[in-house]
Amino acid sequence: MAGRYSEEFRSDVIRLVKGGMSVAQVSKDMGVSQATLYAWLNREDVDAGRKPGLTTEELQELRALRKRTRELEQENEILRRAAAYLSQANLPGKGSSR
């Protein structure tokens, strides 16, 4: 998920909190909301295996797979409609000159 902050900035901010600064102080000094900072800290804990949940990599893979599933479902629907249309066109007495 691309945000407005770079990965390097996020890492630096997380490092400040892990180094002993309070979330409130880092939030104020760096211009990041406390809610965003807590979300970054939580994500870092999940990615490091300290908390249960899907890692960033797993979430990206899940998003890609869901997108691909939607695309395949749309393609299947198009093919289903085309097959129905073509089968109707090939019925006796429909569009053929016999």
Side-chain angles (χ1 to χ4, degrees):
M1 168 171 94
R4 67 180 218 195
Y5 301 104
S6 70
E7 282 300 316
E8 182 180 1
F9 179 78
R10 292 177 199 209
S11 295
D12 290 344
V13 170
I14 289 171
R15 197 173 314 111
L16 290 173
V17 174
K18 298 280 184 179
M21 289 182 70
S22 72
V23 170
Q25 187 61 48
V26 172
S27 171
K28 181 180 174 188
D29 291 349
M30 303 303 282
V32 177
S33 74
Q34 288 186 30
T36 298
L37 189 46
Y38 279 116
W40 291 352
L41 290 166
N42 186 54
R43 170 67 28 220
E44 198 261 339
D45 284 342
V46 170
D47 286 348
R50 291 186 292 269
K51 283 188 175 180
L54 296 175
T55 66
T56 300
E57 185 178 300
E58 291 169 330
L59 287 171
Q60 289 171 345
E61 181 181 6
L62 182 59
R63 282 188 199 104
L65 290 171
R66 285 180 175 163
K67 180 180 178 183
R68 183 66 179 140
T69 299
R70 278 191 309 274
E71 291 169 353
L72 290 171
E73 286 172 346
Q74 289 172 349
E75 290 173 12
N76 281 338
E77 182 60 26
I78 291 168
L79 290 172
R80 226 177 277 125
R81 289 180 185 192
Y85 174 78
L86 292 174
S87 68
Q88 289 294 318
N90 290 328
L91 286 177
K94 297 276 186 178
S96 62
S97 55
R98 288 190 173 192

Practice item. List the atom of Gly31, the atom of Arg4, and the distance in Å for their closest heavy-atom pair. Key: O-NH2, 4.5 Å
Practice item. For Glu71, look at atom CD and say whether over 12 heavy atoms of other residues, nucleotides or ligands are found less than 6.0 Å away. Key: yes
Check your understanding: In terms of heavy-atom contacts, does NZ of Lys67 have more than 12 from other residues, nucleotides or ligands at under 6.0 Å?
Key -> no
Practice item. Taking salt bridge (Lys or Arg N to Asp or Glu O under 4.0 Å) as the test, write out the residues that go with Asp47, two or more places apart. Key: Arg43
Point to revise | salt bridge (Lys or Arg N to Asp or Glu O under 4.0 Å) involving Arg66 - partner list, sequence neighbours excluded | key: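 Counting only residues at least two positions away or on another chain, Arg66 forms no salt bridge (Lys or Arg N to Asp or Glu O under 4.0 Å).
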To the nearest 0.5 Å, tell me how far [X] [atom1] sits from [Y] [atom2].
X     : Y     : atom1 : atom2 : result
Thr69 : Gln74 : OG1   : CD    : 11.0 Å
Ser22 : Gln34 : OG    : CD    : 8.0 Å
Glu61 : Arg68 : CD    : CZ    : 14.5 Å

Check your understanding: Pairs in or reaching into residues 80-89: which pass salt bridge (charged side-chain N to carboxylate O under 4.0 Å, His left out), with residues at least two apart or in two chains?
Key -> Glu77-Arg80, Glu77-Arg81
Revision key, fill the gap. Hits for side chain to side chain donor-acceptor pair (under 3.5 Å) against Ser33, two or more places apart or cross-chain, chain-then-number order -> Thr36
Check your understanding: How is the hydrophobic cluster of Leu59 composed, in terms of its other members, when Ile, Leu, Val, Met, Phe, Trp and Tyr link through side-chain heavy atoms under 4.5 Å apart, directly or indirectly?
Key ->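 Its cluster partners, ordered by chain and number, are Leu54, Leu62.
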Practice item. Each residue besides Leu37 in its hydrophobic cluster should be listed here, by chain and number; the cluster joins Ile, Leu, Val, Met, Phe, Trp and Tyr at side-chain heavy-atom distances under 4.5 Å. Key: Tyr5, Phe9, Val13, Ile14, Leu16, Val17, Met21, Val23, Val26, Met30, Val32, Tyr38, Trp40, Leu41
